[in-house]
J.: 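Sharing a structure, written as structure tokens. Questions coming.
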Amino acid sequence: MLEAIVLLCIGLALLVWSADRLVFGSAALAKNLGVAPLIIGMTILAMGSSAPEMMVSATAALAGKTDTAVGNVLGSNIANIAFILGLTAILKPLSISSGIIRRELPLMMVVTLIAGALLWDSYLGFFEGVLLVVLFIIFILAMLKISKNDQKAGQDILLEEQESEIPDGVSNMAAGVWIVIGLVLLPYAASMLVDSAVTIAKHFGMSDLVIGLTIIAVGTSLPELAASIASIHKGEDDMAVGNIIGSNVFNILAVMGIPGVLNPSVLSPLAMGRDFYIMLGVSVLLVLMALGKRRRINRVEGLVLILCFVAYQGYLLYNLSA
């Protein structure tokens, strides 16, 4: 048991680090090859924080743990809003000024409702997985077009903040080395994480769904936490919120699409009957806070989000086998 906990911690650390190195190398190489900063920011950097979830989802699905993969999506989205944005707002109230965020929030709600429609029958099928992946590609292309128009009309503050994150002065050789390291370690770390999590789950009598909603979900959300804290430290409030919104959309479309394609399965009815509604609820809270008259998330609202997260995690841990 102790060995499984140690391996879990090592797997989480390796997963987050290797994903960061893969994104760093890919963004640097893309810049050296002349790819437009807008495209790098809206694709490589935006998807980077969801890389751990994508790899864990694929690994869990191939291991026949589709409940864990779906639980990872639902749990990560809940953690992103209720824990990460809540904690970030407590540290520093967040102002929303980017037009991109105000457009992406309603889109996040639409995507969330699509997830509910697909999970309604407690089955995630192959064609549903394909549909999510296709919608993901359409989303990326649409956001690129919209962002390009915004750039022509006058630089959006979020675009400026994204482009400032692109690494500079990295040689092709160094970028290539980081890409290889990331590609090698990422699947290894994901496999270590899933295997150790399953061992812990069996020891405590946790269901596959709960292990995905708790340990794995919180662990794979660590890049979003690091990115959000770094963003507010630089005064980039829109980046902190935009990372969360983008990650949640990517999680539903890309990360949940993967297990549908790789391992279509019957799911625990609790994924729809309980956890989806929690994800929907915190998503609605975020929209109300971010699109209100003040266009900001203050410390009190951040505390409300944190309390929601603590209550939800407490309930799950009290009902480990559910």
Side-chain angles (χ1 to χ4, degrees), residues 38 41-43 45-47 49-50 53 73-90 92-117 132 135-136 138-151 153 155-162 221 224-225 227-228 231-232 236-256 276-302 304-306 308-309:
L38 173 65
M42 294 300 295
T43 55
L45 294 184
M47 288 187 285
S49 60
S50 289
E53 285 94 340
V73 172
L74 301 178
S76 290
N77 281 17
I78 293 167
N80 282 347
I81 296 173
F83 173 55
I84 295 172
L85 268 189
L87 177 60
T88 305
I90 289 174
K92 178 184 179 293
L94 300 168
S95 298
I96 313 296
S97 56
S98 170
I100 291 177
I101 289 180
R102 294 195 292 273
R103 280 194 298 267
E104 280 193 2
L105 271 171
L107 179 60
M108 183 189 76
M109 291 305 303
V110 170
V111 170
T112 299
L113 293 174
I114 289 173
L132 289 172
L135 289 175
F136 173 68
I138 293 173
F139 167 74
I140 291 294
L141 294 176
M143 288 308 301
L144 282 172
K145 182 173 179 58
I146 292 170
S147 299
K148 190 171 292 186
N149 291 338
D150 282 348
Q151 197 173 41
Q155 190 91 321
D156 186 285
I157 188 170
L158 182 59
L159 297 179
E160 293 179 348
E161 292 173 0
Q162 281 184 322
S221 292
E224 284 89 348
L225 177 60
S228 294
S231 295
I232 62 169
E236 300 173 344
D237 293 9
D238 286 292
M239 178 70 87
V241 180
N243 282 340
I244 297 302
I245 297 171
S247 178
N248 280 19
V249 173
F250 292 162
N251 283 347
I252 291 173
L253 296 182
V255 181
M256 198 164 83
F276 168 77
Y277 290 111
I278 300 296
M279 181 177 72
L280 179 62
V282 296
S283 298
V284 170
L285 276 178
L286 173 58
V287 170
L288 293 175
M289 293 173 182
L291 298 185
K293 290 182 179 180
R294 290 173 290 113
R295 296 274 171 85
R296 71 197 307 264
I297 305 172
N298 60 37
R299 286 191 171 91
V300 173
E301 291 167 334
V304 169
L305 290 172
I306 286 285
C308 288
F309 179 75

J.: Considering only heavy atoms from C-beta outward, does the side chain of M109 approach that of V284 to under 4.5 Å?
T.: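 A side-chain contact under 4.5 Å exists here.
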J.: Please list, chain by chain and in numerical order, all residues satisfying side chain to side chain contact (heavy atoms under 4.5 Å, CB included) with I278, sequence neighbours excluded.
T.: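 Side chain to side chain contact (heavy atoms under 4.5 Å, CB included) list for I278, sorted by chain: I78, Y312.
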J.: To the nearest 0.5 Å, how far apart are CD1 in I244 and OG in S76?
T.: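 So the CD1 of I244 and the OG of S76 are separated by 10.5 Å.
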J.: Closest approach of V282 and A82, non-hydrogen atoms and distance?
T.: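 Distance-wise, the nearest heavy atoms are CG1-CB, 4.2 Å.
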J.: Would you check, one step at a time, whether the test side-chain contact (heavy atoms from CB on, under 4.5 Å) holds for F136 with V249?
T.: CA-CA 8 Å; F136 173 68; V249 173; 5.9 Å; no
J.: Just so I know, are the side chains of I114 and I252 near enough to count as touching, which here means a heavy-atom distance under 4.5 Å?
T.: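 Side chain of I114 against side chain of I252, heavy atoms only: no contact under 4.5 Å found.
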J.: At what distance, to the nearest 0.5 angstrom, does CG of L85 lie from CD1 of I90?
T.: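 That separation rounds to 11.0 Å.
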J.: What distance do S228 atom OG and I84 atom CD1 have between them, rounded to the nearest 0.5 Å?
T.: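 So the OG of S228 and the CD1 of I84 are separated by 6.0 Å.
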J.: Taking side chain as C-beta onward, heavy atoms only, is L225 less than 4.5 Å from F83?
T.: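 Result yes, sub-4.5 Å side-chain heavy-atom pair found.
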J.: Just how far is it from atom CG of L105 to atom OG of S283, taken to the nearest 0.5 Å?
T.: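 So the CG of L105 and the OG of S283 are separated by 9.5 Å.
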J.: Would you say the side chain of F139 lies within less than 4.5 Å of the side chain of L107, judging by non-hydrogen atoms?
T.: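 A side-chain contact under 4.5 Å exists here.
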J.: On a heavy-atom basis, which atom in N77 and which in S247 lie closest, and how many Å separate them?
T.: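 Nearest heavy atoms, N77 then S247: OD1-O, 4.4 Å.
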J.: How would you list, by chain and number, every residue that makes a side chain to side chain contact (heavy atoms under 4.5 Å, CB included) with L305, sequence neighbours excluded?
T.: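 If we apply the side chain to side chain contact (heavy atoms under 4.5 Å, CB included) test to L305, skipping adjacent residues, the hits are I81, L285, M289.
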J.: Taking side chain as C-beta onward, heavy atoms only, is N80 less than 4.5 Å from N251?
T.: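 Yes, their side chains come closer than 4.5 Å.
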J.: What closest approach, in Å, do V255 and E53 show between heavy atoms, and which atom pair accounts for it?
T.: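 Of all heavy-atom pairs spanning V255 and E53, the closest is CG1-O, 3.4 Å.
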J.: When rounded to the nearest 0.5 angstrom, what is the spacing between CZ in R299 and CD1 in I306?
T.: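 Result: 13.5 Å between the selected atoms.
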J.: Which value, rounded to the nearest 0.5 Å, describes the distance between L87 atom CG and I232 atom CD1?
T.: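 Rounded to the nearest 0.5 Å, the CG-CD1 separation comes to 8.0 Å.
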